Protein chains: 2
Amino acid sequence: MSDLLERLRGRGWRVTSQRRVVAEVLDGDHVHLTADEVHARAAERLPEISRATVYNTLGEMVSLGEVMEVSTDGRAKRYDPNAHHPHQHLVCSRCGTIRDVRPTGDPLASLPPEERFGFAVSGAEVTYRGLCPACIA
Amino acid sequence: MSDLLERLRGRGWRVTSQRRVVAEVLDGDHVHLTADEVHARAAERLPEISRATVYNTLGEMVSLGEVMEVSTDGRAKRYDPNAHHPHQHLVCSRCGTIRDVRPTGDPLASLPPEERFGFAVSGAEVTYRGLCPACIA
DNA sequence: CTCGTTGCAAATGCTTTGCAATTGG
DNA sequence: CCAATTGCAAAGCATTTGCAACGAG
């Protein structure tokens, strides 16, 4: 089940009950929780877990490249455990719902050499915006 | 000079000295200031201007569609007056410098119908990442 | 055992808000 | 004139940090 936890353990990560709970809560597809949501769900299983630990843990997962930070607008960052398969995000302009999507082609290809201004370009993030089915109705 | 101010005035915007200074400070190409930087530069000309007013003013410019908010990572939002010509951003992973860039083609075209999940997709933002010339050296 | 990890509470950084005083049209 | 705008200071979030106690290996 918890592929995320397995991957982290495999990297010599020290596993504590707090870290396990955070990894379990965050695991799955189309999961895009804020740090606070992660804390709330983790606290259901481990009531004493602190916000600080959740932040530390999420930060480490990001450093290890197993979790991706998604900065939606100006609100709280969201955390996406789906870091192994490259993907982009489709965000509802009204309710903020996020879906993982897989565009065709390589986004990097759309930036021609003369538009790179001497940068060593290494990646591109695409955020598609629109109204989700629930908000259209 | 201040095209931005002219555009705002043309929309029936009430112009005060504070608003004029904010508009002037923000005008130009490849300008991506934080609210605090705008406040600092505005205060050089109008020492009593408050942060609250700068925030209010920037927020209104964004609502009117004349200025674009750029949320870089987890730091302060940046404000881009270049809202009339569509463009994307190239951000230095080390120092955070931002350049406006113009990719080829329409980013929306890369998201096929079967990846839209019933959303009414209306736009796409692309952030290219890499090292700027200064940070490569 | 020992060092990494945790929890707490306080601090920080960015942004918003309530409200009385001010001012543009 | 008078509603819109401003400044101030305080409140509001999201996140980070210092440090003593704790616990995994």
Side-chain angles (χ1 to χ4, degrees), chain A residues 5-6 8-26 32-64 66-80 96, chain B residues 5-6 8-26 32-64 66-80 96:
Chain A
L5 187 56
E6 284 313 310
L8 291 165
R9 201 196 298 273
R11 287 169 176 258
W13 209 48
R14 189 162 172 173
V15 178
T16 65
S17 47
Q18 290 83 341
R19 287 176 172 188
R20 180 176 37 258
V21 170
V22 169
E24 287 170 359
V25 158
L26 201 58
H32 307 97
L33 301 171
T34 63
D36 218 54
E37 287 165 347
V38 171
H39 176 254
R41 299 194 185 193
E44 289 172 10
R45 303 194 191 185
L46 199 64
E48 326 72 31
I49 192 170
S50 72
R51 253 170 260 273
T53 296
V54 170
Y55 276 106
N56 287 339
T57 303
L58 290 172
E60 282 157 20
M61 289 172 172
V62 171
S63 299
L64 289 170
E66 293 294 347
V67 167
M68 187 168 268
E69 264 182 11
V70 184
S71 29
T72 43
D73 41 80
R75 309 310 282 156
K77 286 179 221 155
R78 293 182 173 274
Y79 295 86
D80 184 339
Chain B
L5 187 57
E6 284 314 310
L8 291 165
R9 202 195 299 272
R11 287 167 175 259
W13 208 49
R14 187 162 173 175
V15 177
T16 65
S17 47
Q18 291 83 340
R19 288 176 169 189
R20 179 174 38 258
V21 170
V22 169
E24 287 171 357
V25 158
L26 202 56
H32 308 96
L33 301 172
T34 63
D36 217 55
E37 287 166 349
V38 171
H39 176 253
R41 298 195 186 192
E44 289 172 11
R45 305 194 190 184
L46 199 64
E48 327 71 32
I49 193 172
S50 72
R51 251 170 263 272
T53 296
V54 171
Y55 276 105
N56 287 340
T57 304
L58 291 172
E60 282 157 19
M61 290 173 172
V62 171
S63 299
L64 290 170
E66 292 294 348
V67 167
M68 185 169 270
E69 263 182 11
V70 185
S71 29
T72 43
D73 41 80
R75 310 309 285 155
K77 286 181 222 154
R78 293 182 172 276
Y79 294 87
D80 184 339

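Just so we're clear, the structure is a prediction, and the values are computed from it rather than from any experiment. We name chains A, B, ... by the order of the sequence lines, and we start the count at 1 in each one.
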Any donor-acceptor pair under 3.5 Å from [X] side chain to [Y] backbone:
X        : Y        : result
Arg19(A) : Arg14(A) : yes
His39(A) : Ile49(A) : yes
Arg45(B) : Val21(B) : no

Without decimals, in angstroms, what is the distance between [X] [atom1] and [N] [atom2]?
X        : N       : atom1 : atom2 : result
Arg14(A) : dC3(C)  : CZ    : C1'   : 6 Å
Glu60(B) : dA4(D)  : CD    : P     : 12 Å
Ile49(A) : dT6(C)  : CD1   : C1'   : 9 Å
Trp13(B) : dG24(C) : CH2   : C1'   : 13 Å
Glu37(A) : dA14(D) : CD    : P     : 10 Å
Asn56(A) : dC3(C)  : CG    : P     : 20 Å
His39(A) : dT6(C)  : NE2   : P     : 13 Å

Report yes if at least one side-chain N or O of [X] is closer than 4.0 Å to OP1 or OP2 of [N]; otherwise report no.
X        : N       : value
Arg51(A) : dT6(C)  : no
Gln18(B) : dT23(C) : no
Tyr55(B) : dT16(C) : no
Arg75(B) : dG13(C) : no
Ser50(A) : dT6(C)  : no
Thr16(B) : dA4(D)  : no

How long is the straight-line distance from CD of Glu66(A) back to CG of Leu8(A), given to the nearest 0.5 Å?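 One gets 5.5 Å once the value is rounded to the nearest 0.5 Å.
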Within this structure, what is the CD-CG distance for the pair Glu37(A) and Leu26(A), rounded to the nearest 0.5 Å?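 Interatomic distance, Glu37(A) CD to Leu26(A) CG, rounded to 0.5 Å: 11.0 Å.
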Closest-nucleotide mapping onto DNA chain C: is Arg78(B) or Glu48(A) further toward the 5' terminus? I mean the 5' end.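 First, find each residue's nearest nucleotide; the 5'-ward one identifies Glu48(A).
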In terms of side-chain heavy atoms of [X], which of [options] is nearest?
X        : options                  : value
Lys77(A) : dT16(C), dT15(D), dC3(C) : dT15(D)
Arg19(A) : dT6(D), dT15(C), dT5(C)  : dT5(C)
Thr53(A) : dT15(D), dG7(C), dC14(C) : dG7(C)

Nearest-nucleotide wise, let me know which of Tyr79(A) and Leu46(B) is further upstream toward the 5' end of DNA chain D.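 This one resolves to Leu46(B).
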